[in-house]
2 protein chains.
Amino acid sequence: MKESALCPRLSKAMELVGKRWTALIIYQLLEGPQRFNAIESALPISGRLLSERLKELEKEGIVERKVFSEVPIRVEYNLTKKGQSLEQTVREIENWAKSWL
Amino acid sequence: MKESALCPRLSKAMELVGKRWTALIIYQLLEGPQRFNAIESALPISGRLLSERLKELEKEGIVERKVFSEVPIRVEYNLTKKGQSLEQTVREIENWAKSWL
DNA sequence: GTAAGCTACTTACTTTTCGTAATCTATAAA
DNA sequence: TTTATAGATTACGAAAAGTAAGTAGCTTAC
């Protein structure tokens with residue numbers, strides 16, 4: 001996607017947070033660290049996309065991945081500081097939705 | 001897209017505002033009423049998609065379409081109250097972007 | 001009177017992303 | 001050897017986005 005000349009930052013933010021499922025994944029992780037299956041169950045998202053999104057978010061430094069070498073394997077995801085800083089933003093969207101949808 | 005059992009409102013809001021280009025179109029319209037070509041020039045969006053998005057936003061009551069039967073024809077788009085109510089939300093995303101991107 | 005120009009779309013076509021379901025990896029217990 | 005579990009990957013058809021050309025209605029220029 002080309003960048004908006006208007007506001008590159010907002011453009012970049014929307015490219016990231018506005019991507020399908022991303023905001024909902026972050027919203028879910030605001031509850032605390034969670035495993036792959038827990039997130040998958042909480043949202044109507046498929047494993048394929050969840051895996052893809054989590055990788056993107058990890059790459060952006062928004063989500064942290066922690067592997068526990070148990071049997072069976074356990075993997076937890078949690079928000080980094082950068083990820084937590086999105087709480088206000090997500091809440092603001094939520095509030096708007098409560099008032100207007 | 002299926003609805004999130006977790007938070008249907010946030011889900012609905014993201015479906016709307018999180019759609020590609022939508023937030024940027026609203027951001028642009030916060031400057032005041034604008035014509036089709038003006039929006040198209042301000043953003044790296046194609047006429048095809050801009051037309052599609054404006055229709056969606058009009059249907060959701062976020063944008064108002066006003067036709068002036070001049071020559072050549074003039075069409076202006078502006079935010080409704082519901083649309084204006086998104087200002088805080090968009091600014092919040094912008095602020096986050098300024099701090100973290 | 002026909003050709004060209006303006007604005008706001010619309011259509012046809014290609015590329016990218018999404019959604020669903022099946023499959024894979026590693027480990028251990030039955 | 002088969003089964004089970006968690007996390008992830010792959011294959012493929014469907015949907016959405018991107019690109020570029022075309023349309024409609026009206027005006028002015030030639």
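Throughout, a chain's letter reflects where its sequence line sits, starting with A, and its residues are numbered from 1.
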Could you run through nucleotides 20-30 of chain D and give me one letter per nucleotide, 5' to 3': B if any protein heavy atom sits under 4.0 Å from the base, S if only the sugar-phosphate is that close, - if neither? ------SS---
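B/G18 approaches A/M14 most closely through the heavy-atom pair CA-CE, 4.2 Å. Minimum interatomic distance between B/T89 and A/I93 (heavy atoms only, all atoms of both residues): CG2-CG1, 3.5 Å.
Distances shorter than 4.0 Å separate none of the side-chain N or O atoms of B/W21 from OP1 or OP2 on D/dA17. Contact between the side-chain N/O atoms of B/S51 and the OP1/OP2 oxygens of C/dC9 is not found at any separation under 4.0 Å. Look at B/Y77 and you'll find a side-chain N or O under 4.0 angstrom from OP1 or OP2 of C/dC9. Close to C/dA8, at under 4.0 Å from its OP1 or OP2, lies a side-chain N or O of B/R35.
In this structure, A/E56 pairs ionically with A/K19, as a charged nitrogen and a carboxylate oxygen lie closer than 4.0 Å. A salt bridge does not link A/K66 with A/E64: none of the charged nitrogens is closer than 4.0 Å to a carboxylate oxygen.
Of the residues in residues 53-68 of chain A, those with a non-hydrogen atom less than 4.0 angstrom from any atom of DNA chain C are A/R53.
Within the 4.5 Å cutoff, the side chain of B/Y27 has heavy atoms near those of the B/R91 side chain. A/V63 has its side chain out of reach of A/T80: every pair of non-hydrogen atoms, C-beta onward, lies at least 4.5 Å apart.
Taking atom CG on B/L24 and atom P on D/dA17, their separation rounds to 14 Å, with Å as the unit. Nucleotide D/dT19 holds its P atom 11 Å from the CD1 atom of B/I45, rounded to whole Å. One interatomic measurement links the two molecules: CG of B/L49 to P of C/dT17, which rounds to 14 Å at whole-angstrom precision. Rounded to an integer number of Å, the gap from A/L43 CG to C/dG19 P is 12 Å. Rounded to an integer number of Å, the gap from CD of B/Q34 to C1' of C/dA8 is 16 Å. Rounded to whole Å, the distance from CG on A/N37 to P on D/dT5 is 11 Å. In this structure, the CG atom of B/L50 is 11 Å from the P atom of C/dT10, given to the nearest Å. What separates CD1 of B/I39 from P of C/dA8 is a distance of 9 Å, to the nearest Å.
Side-chain atoms of B/Q28 never come within 3.5 Å of backbone atoms of B/A42 as a donor-acceptor pair (strictly under, hydrogens ignored). Judged by distance alone, with hydrogens and angles left aside, the side-chain atoms of B/S51 form no donor-acceptor pair with the main-chain N or O of B/G47 at under 3.5 Å.
Taking for each of A/K19 and B/A38 the nucleotide of DNA chain C with the nearest heavy atom, the 5'-most of the two is the partner of B/A38.
Screening B/E87, B/R9, B/K82 for a side chain to side chain contact (heavy atoms under 4.5 Å, CB included) involving A/W96 leaves a single residue, B/K82.
Rounded to the nearest 0.5 angstrom, B/I62 CD1 and B/Q84 CD are separated by 12.0 Å.
No contact: B/E40 has no heavy atom under 4.0 Å from any strand. In this structure, A/E70 reaches neither bases nor backbone, as no heavy-atom distance under 4.0 Å exists between it and the strands shown.
Across C/dC18, C/dT7, D/dG18, the shortest atom-to-atom separation from the side chain of B/R20 is found for D/dG18.
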